[in-house]
Amino acid sequence: AQHLVESGGGSVQTGGSLRLSCATSGFTYGDYFMGWFRQAPGKEREGVASIATGGGATYVIPAVQGRFTISQDSAKRSVYLQMDSLKPEDTAMYYCAAATLKGAWHGSSWSVDSSKYTYWGQGTQVTVAS
C-alpha cells in the first residue's frame with residue numbers, strides 16, 4: 001500500500017519558520033513527482049509547491065515565492081517544505097501528494113494541479129498567530 005506521512009506542523013508566531021516533512025513508501029518514488037498543498041477552513045485546496053524527483057527541479061506558487069522552499073532527499077524517499085517568514089494567511093492543513101510522471105515535468109502551475117495527484121497524506125496542521 002502507498003503511504004505518505006507528513007510531520008512538522010505546529011503553531012508559530014508571525015515571522016516564524018516551520019519545516020514540514022513527508023515520508024513516502026509503497027510506490028516507485030522516481031516514477032512520480034511530488035507536491036505540497038494546503039487547505040484553510042472554508043477555502044479550496046491550493047497547490048503550494050512541486051518537485052520533480054528525477055532532477056530536483058522545483059516550482060513554488062507566487063504567493064509563497066521567497067518564503068517557502070521545497071526539497072527532497074531521494075535516498076530517504078522524503079520531501080520537505082521549508083516555510084519562513086510565515087504569515088497568518090499561511091494557516092492551513094498542509095498535505096503532501098504524489099503524481100505519476102507521464103512525459104516531462106513542467107515548472108509552472110501545471111505541477112500543482114491537484115487533479116494530477118494520485119496519492120495523498122493525511123495532512124499536518126500549520127497555525128500562524130498574528
Side-chain angles (χ1 to χ4, degrees):
Q2 297 77 25
H3 295 285
L4 290 81
V5 180
E6 302 96 336
S7 60
S11 297
V12 297
Q13 297 292 317
T14 296
S17 296
L18 285 171
R19 186 186 191 225
L20 306 184
S21 298
C22 173
T24 72
S25 62
F27 60 93
T28 305
Y29 184 77
D31 289 346
Y32 290 75
F33 61 99
M34 302 296 296
W36 284 98
F37 294 78
R38 65 185 180 184
Q39 188 166 21
K43 293 189 176 181
E44 296 286 319
R45 182 169 54 192
E46 175 185 39
V48 175
S50 176
I51 187 165
T53 59
T58 63
Y59 171 78
V60 295
I61 62 172
V64 303
Q65 264 182 3
R67 299 191 299 119
F68 290 12
T69 304
I70 186 171
S71 63
Q72 66 172 350
D73 183 333
S74 55
K76 295 183 178 179
R77 300 173 53 96
S78 293
V79 180
Y80 309 97
L81 187 67
Q82 177 68 41
M83 304 186 297
D84 299 317
S85 302
L86 282 162
K87 304 175 181 180
E89 51 263 43
D90 296 319
T91 295
M93 185 73 78
Y94 282 72
Y95 300 90
C96 172
T100 305
L101 182 60
K102 301 174 182 176
W105 178 89
H106 299 281
S108 66
S109 57
W110 176 94
S111 66
V112 291
D113 175 357
S114 62
S115 68
K116 293 180 170 58
Y117 287 77
T118 306
Y119 306 130
W120 294 82
Q122 293 300 305
T124 185
Q125 178 68 38
V126 171
T127 302
V128 185
S130 57

- Task: Using the six-membered ring wherever Trp is involved, compare the ring planes of F33 and W110 and label them parallel, tilted or perpendicular (cut-offs 30° and 60°).
- Result: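 Taking W110 first and then F33, their aromatic rings lie parallel (interplane angle under 30°).
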Mind checking the [atom1]-[atom2] spacing from [X] to [Y]? Nearest 0.5 Å is all I need.
X    : Y    : atom1 : atom2 : answer
Q13  : S130 : CD    : OG    : 8.0 Å
D113 : S108 : CG    : OG    : 9.5 Å
L18  : T127 : CG    : OG1   : 9.5 Å
R38  : Y95  : CZ    : OH    : 13.5 Å
Q122 : S7   : CD    : OG    : 13.5 Å

Is there a side-chain contact between [X] and [Y] in this structure, where contact means two heavy atoms from C-beta onward sitting under 4.5 Å apart?
X    : Y    : result
T91  : Q125 : yes
L4   : M34  : yes
W36  : C96  : yes
M83  : V12  : no
H106 : Y59  : no
S74  : T53  : no
V60  : T69  : no

- Please confirm whether the backbone N or O of S78 pairs with a side-chain atom of T24, one donor and one acceptor, at under 3.5 Å?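 Side chain of T24 to backbone of S78, a donor-acceptor pair under 3.5 Å: no, none is there.
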Nearest heavy-atom pair of [X] and [Y]: which atoms, and what distance?
X    : Y    : value
W105 : S111 : NE1-CB, 3.5 Å
F37  : G47  : CD2-CA, 3.3 Å
A49  : L81  : CB-CD1, 4.1 Å

- Item | Positive for side-chain contact (heavy atoms from CB on, under 4.5 Å) with F68, one of D90, D84, L20 |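 The side-chain contact (heavy atoms from CB on, under 4.5 Å) with F68 is passed solely by D90 among D90, D84, L20.
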- Query: Does one hydrophobic cluster hold both Y80 and Y117, with members joined at side-chain heavy-atom distances below 4.5 Å?
  - Reply: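 No.
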- Message: Taking side-chain hydrogen bond (donor to acceptor under 3.5 Å, both in side chains) as the criterion, tell me which of Q72, K76, R77 meets it with Y29.
- Response: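 So the option named by the test is Q72.
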- E46 and I61: side-chain contact (heavy atoms from CB on, under 4.5 Å), yes or no, with the steps? CA-CA 10 Å; E46 175 185 39; I61 62 172; 3.5 Å; yes
- List for me each residue that meets ring-ring contact (aromatic ring centres under 6.0 Å, His included) alongside Y119, sequence neighbours excluded, and say none if there are none.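 Partners of Y119 by the ring-ring contact (aromatic ring centres under 6.0 Å, His included) criterion, ordered by chain and then number, come out as F27, Y32.
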